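This report concerns only the one structure given below.
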2 protein chains.
Amino acid sequence: MPESPAIPAPTLRRLPEYLGVLLDREAAGEAWISSEAIGQSLGFGAVQVRKDLAALGAPGSPRRGYPVSATILRLREYPGTGGGSDAFLVGAGNLGRALLEDPGIVRHGFRIAGVFDLSPDRVDRILGGRKVLPLGALPDLVRRTGCRLAVLAVDPDQAGAASLALVRAGITGMLDLTGSACPFPRTLIVRRIGIGAGLAALAGELEAREREKNLDGFPRQT
Amino acid sequence: MPESPAIPAPTLRRLPEYLGVLLDREAAGEAWISSEAIGQSLGFGAVQVRKDLAALGAPGSPRRGYPVSATILRLREYPGTGGGSDAFLVGAGNLGRALLEDPGIVRHGFRIAGVFDLSPDRVDRILGGRKVLPLGALPDLVRRTGCRLAVLAVDPDQAGAASLALVRAGITGMLDLTGSACPFPRTLIVRRIGIGAGLAALAGELEAREREKNLDGFPRQT
DNA sequence: AATTGTGAACTCGTTCACAGCG
DNA sequence: CGCTGTGAACGAGTTCACAATT
């Protein structure tokens with residue numbers, strides 16, 4: 001029976017970040033790290049960290065903290081979050097090229113299993129040492145490799161067509177970097193990451209924080 | 001007095017996404033859109049959409065929905081979320097180049113105000129039609145332009161040094177794309193977007209959903 | 001009749017306080 | 001003593017149910 005009675009989604013989203021911190025620590029030669037230190041690195045509280053690691057089942061040791069290497073192992077052991085799976089890259093433009101060299105993907109244990117594009121003039125080119133394949137080749141590869149993840153990095157106006165093809169090919173999880181918002185079937189789990197939207201949210205938060213400060217610190221005229 | 005009694009952060013993060021949907025609709029020539037339709041495009045409930053738009057102060061009309069153009073205006077009007085501000089780009093590698101062409105940034109009303117890098121051999125090169133400047137030139141530009149936002153897209157091992165320089169230069173909001181987790185001073189608002197971490201979270205969610213399905217749909221032997 | 005608008009209930013994650021342990 | 005582990009309290013955000021509108 002699974003010892004993990006469903007880890008809550010917010011926790012799930014933080015686990016990979018913990019992995020990042022721990023890898024840094026390991027590289028620095030440290031053997032132990034406290035929840036306090038982990039929290040400080042990421043901007044959340046120590047209790048949060050403990051709760052999350054407890055949910056994972058990663059034990060710490062009083063007075064010393066969490067064992068760096070063992071905890072990394074534990075994080076990697078959790079299916080999905082630790083990586084080990086591969087993902088297809090759809091979109092062979094500049095963004096796609098950048099992703100092929102992104103150390104973050106490797107660091108989290110993922111590998112780009114293949115590069116695809118819709119545009120005929122991009123197909124067959126070499127990008128980052130990989131031959132770009134037509135989307136038509138995807139269904140077969142999904143079947144043969146069992147890989148169900150894809151990163152969508154095409155132009156926004158191609159997002160709809162591409163995602164439709166992905167679903168048809170049997171992809172079940174998609175990381176959408178296009179910033180375009182088209183409706184997807186519920187069978188496909190979509191996670192959206194938009195640089196533009198991210199900037200906007202950041203700017204909004206900044207604005208909010210500033211306003212708040214002005215209000216209860218220095219109430220000034222309209 | 002501000003008519004916005006602090007919009008909650010989760011809402012703030014969704015507003016830019018609404019903008020995306022509405023722009024699509026406007027391009028399609030539609031004049032009205034229902035909360036239901038907006039929700040469907042983004043994967044959340046209709047009530048959520050209504051609550052968010054209400055928080056913004058964007059009125060809808062019973063029986064017809066929300067006026068597309070007017071709502072876009074209203075979204076843009078909200079300081080920050082609607083864009084209009086600029087942002088500096090720090091990191092002139094492949095990822096940086098991709099960002100310079102990212103339609104999502106423009107779509108949300110942002111502009112890259114300048115490109116910077118730490119590495120001397122990247123400085124003075126031309127990237128996407130922009131001359132890459134040394135980080136040393138940043139403080140002066142921050143002062144002159146009033147722009148306080150930066151996108152960090154350097155190599156992960158330079159993230160610490162770069163972010164320190166950003167703080168010193170007077171940057172108050174940073175969108176961190178490096179996936180590296182170094183501690184930042186509390187004065188700097190950081191929003192992290194990691195492709196690797198995103199993939200991992202997605203894979204985790206996928207795994208969780210699958211397990212859940214197996215459990216209460218088709219309980220099979222250990 | 002369809003869709004917005006919203007007070008109230010509820011759910012879920014975070015925070016608190018402190019017990020447990022090395 | 002310092003740090004983990006966790007049950008309980010709290011609070012924020014989401015969902016529900018229904019009134020209001022055209």
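What you see below is based on every heavy atom in this structure, not just the backbone, and it leaves out hydrogens, waters and symmetry mates. So you know, we letter chains A, B, ... as the sequences are listed, proteins then strands, and number each from 1. Model, not experiment: these values are computed from the prediction.
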Residues A:Arg13, A:Asp52: salt bridge by 4.0 Å N-O rule: no
From the options D:dG5, D:dG13, C:dT4, select the nucleotide whose nearest atom is closest to the side chain of B:Ser34. C:dT4
Rounded to whole angstrom units, what separation is found between the CZ atom of A:Arg14 and the P atom of C:dC12? 16 Å
Backbone of A:Asp157 reached by a side-chain donor or acceptor of A:Asp155 within 3.5 Å: no
Could you check whether the side chain of A:Arg63 and the base of D:dC1 have a donor-acceptor pair of N or O atoms closer than 3.5 Å, going by distance alone? yes
Starting at atom CG of B:Leu12, determine the distance to atom P of D:dG13, rounded to an integer number of angstrom. 11 Å
From the options A:Ile171, A:Val151, A:Leu166, select the one residue that forms a side-chain contact (heavy atoms from CB on, under 4.5 Å) with A:Val90. A:Leu166
B:Arg50 CZ - C:dA2 P separation (whole Å): 15 Å
Between NZ of A:Lys51 and P of D:dC10 the distance, given in whole Å, is 15 Å
Of C:dG13, D:dT22, C:dT6, the nucleotide closest to the side chain of B:Val47 is C:dT6
Among D:dT4, D:dC1, D:dT22, which nucleotide sits nearest the side chain of A:Pro62? D:dT4
So, does B:Ser35 get its side chain near the phosphate of C:dT4, meaning an N or O under 4.0 Å from OP1 or OP2? yes
Under the side-chain contact (heavy atoms from CB on, under 4.5 Å) rule, what do B:Leu22 and B:Tyr66 come out as? Steps first, then yes or no, please. CA-CA 10 Å; B:Leu22 290 168; B:Tyr66 292 86; 5.8 Å; no
Below the 4.0 Å mark, does C:dT15 have OP1 or OP2 next to a side-chain nitrogen or oxygen of A:Gln48? yes
For atom CD of B:Gln40 and atom P of C:dT3, their distance in whole Å: 12 Å
Expressed in angstrom and rounded to an integer, what is the separation of A:Arg13 atom CZ from C:dC12 atom C1'? 13 Å
Rounded to the nearest Å, what distance is computed from the CG atom of residue B:Asp52 to the P atom of nucleotide D:dA12? 17 Å
When we call it a touch if two heavy atoms are under 4.0 Å apart, what does A:Tyr66 touch: a base, just sugar-phosphate, or nothing? sugar-phosphate
Round to the nearest Å and state the distance from A:Leu53 atom CG to C:dT14 atom C1'. 16 Å
Regarding B:Arg74 and B:Glu77, does a basic nitrogen lie under 4.0 Å from an acidic carboxylate oxygen? yes
